[in-house]
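Remarks on the structure that follows.
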Amino acid sequence: MLALGKLLELTLAGREPAEKTQLTVEGVRMRWLSEGALEVRPPEARDNGLDLLLSAGIHGNETAPIELLDRLLHDIARGDLKPRARILFLFGNPEAIRKGERFIEQDVNRLFNGRHEQSSGSEALRACELERLAASFFSVPDRQRLHYDLHTAIRGSKIEQFALYPWKEGRQHSRLELARLRAAGMEAVLLQNKPSIVFSSYTYDKLGAESFTLELGKARPFGQNAGVNVSLLETRLKQIIEGTEPEMAEHGLDGLQLFSVAREIIKHSDSFRLNLPADIENFSELDVGYVLAEDLANTRWIIEEQGARIIFPNPKVKNGLRAGILIVPTTDENLA
Ligand SMILES: O=C(O)CCC(=O)N[C@@H](CCC(=O)O)C(=O)O
Ligand SMILES: [Zn+2]
């Protein structure tokens, strides 16, 4: 296999490859751009006009998505997977991946859309570099742009695989993209309704891509991901890469559950208390009247929404950051 197919090994070893560009037997060009960043370009005659950004390891301990991208890259480097799309593979936070930690000093996925400019340290620099790599990749006009930022979650979930779809003023969420996610095994999608500072929001808002954060199961160390079943997603990604995706019935969301954000729970101070059991699962329902959280100056977060559920509850985040999202079921009536 070509050395550049071993991007993960290079990244884990903190090594720069001697040769920055290599050609596969199929004439596919692989180009190492920076640590954890590799561009794959099909021969011009085979290029189908899709630019696909696949990122994982924005959180260093979320290894199932990293292993998935590693398998795709190996297949491409061996000539077993024949891309018709241009692809950018990104391993988001190499230092944290090496340490098996979510982050080292600060969460990279809270540093996009300009936030890194108000910060410092290696993770702020990395967020800036990821923005630059994505912007350069998505700078070619008249091409389709798609970004999947792959994650696994801290806790178990009543709905195992789901996506978060960013928001931008004046832009509608695409029914066709939701059908594609359904076919890729996603059981639910959270439709965001305000701007955000995560990677997928940056590529959606600033670079015009169709972008999603995908949650694929529970985070575990390398080699222990048998419980994370990514087979439907992997099959779909291979079809997208090779341009062999079956036709999608535009209206067929096929049981995909849709949610919208009711409120983001923000931790304001060290006095913040989240009144949930430590092992609560994502998508757990909360009753109206329940006191979800308490903070400084007797601030209380009380459930007012019928059918409210909680995702990503985390009282350990830094002050000023999201300590959970309250979501409610929604319909497909505003989709484009
Ligand atoms: O399990 C958790 O609490 C977090 C899992 C995770 O990393 N999720 C992403 C979601 C990004 C988004 O809002 O689109 C994150 O929190 O960064
Ligand atoms: Zn994550």
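Numbering of ligands and ligand atoms starts at 1, following listing order. Worth knowing before you read on, the calculation uses all heavy atoms, side chains too, and leaves out hydrogens, waters and symmetry mates.
- When hydrogens are left out, the protein atom nearest atom 1 (O) of ligand 1 is I154 N, 2.7 Å; that is the closest non-hydrogen contact.
- Using a 4.0 Å cut-off between heavy atoms, R102 contacts ligand 1 through its side chain alone, with no backbone atom that close.
- Atoms of ligand 1 found under 4.0 Å from any heavy atom of E62 (numbered from 1 in listed order, with element): 7 (O).
- For the residue pair H151 and E62, a side-chain donor N or O sits within less than 3.5 Å of a side-chain acceptor on the partner.
- Atom CZ of R126 is separated from atom CD of E123 by 10.5 Å, given to the nearest 0.5 angstrom.
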> Checking side-chain contact (heavy atoms from CB on, under 4.5 Å) for the pair F212/L190: CA distance, chi angles, key distance, verdict?
Replying inline: CA-CA 10 Å; F212 303 87; L190 171 58; over 6 Å; no

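- In summary, the atoms of ligand 1 found under 4.0 Å from a heavy atom of R322, numbered by their order in the structure, are 10 (C), 11 (C), 12 (C), 13 (O), 15 (C), 16 (O).
- At the shortest separation from atom 12 (C) of ligand 1 among protein heavy atoms lies T213 OG1, 3.6 Å.
- Looking from atom 2 (C) of ligand 1 to the surrounding protein, the closest heavy atom is F312 CD2, 3.4 Å.
- Rounded to the nearest 10 degrees, the angle ND1 (H59) to the Zn ion (ligand 2) to OE2 (E62) equals 90°.
- The shortest distance between side-chain heavy atoms of L292 and L274 falls below 4.5 Å.
- Within H151, the N, O or S atom lying nearest to the Zn ion (ligand 2) carries the name ND1.
- Residues L207 and F137 have side chains not in contact (no heavy-atom distance under 4.5 Å, counting atoms from C-beta outward).
- The shortest separation from a heavy atom of N314 to ligand 1 is not under 4.0 Å, leaving the residue out of contact.
- Q106 and S119 share a donor-acceptor pair across their side chains, judged by distance under 3.5 Å alone.
- Counting heavy atoms only, N109 comes closest to atom 11 (C) of ligand 1 of the residues N109, N61, N282, I58.
- Of all atoms in ligand 1, listed by their number and element, those nearer than 4.0 Å to a heavy atom of H59 are 7 (O), 15 (C), 17 (O).
- In this model, no donor atom of one side chain and acceptor atom of the other lie less than 3.5 Å apart for S211 and S200.
- For atom 5 (C) of ligand 1, the choice among R155, Q192, E215, R110 with the nearest heavy atom turns out to be E215.
- Within the 6.0 Å centre-distance limit, the rings of F199 and H147 are counted as a close aromatic pair.
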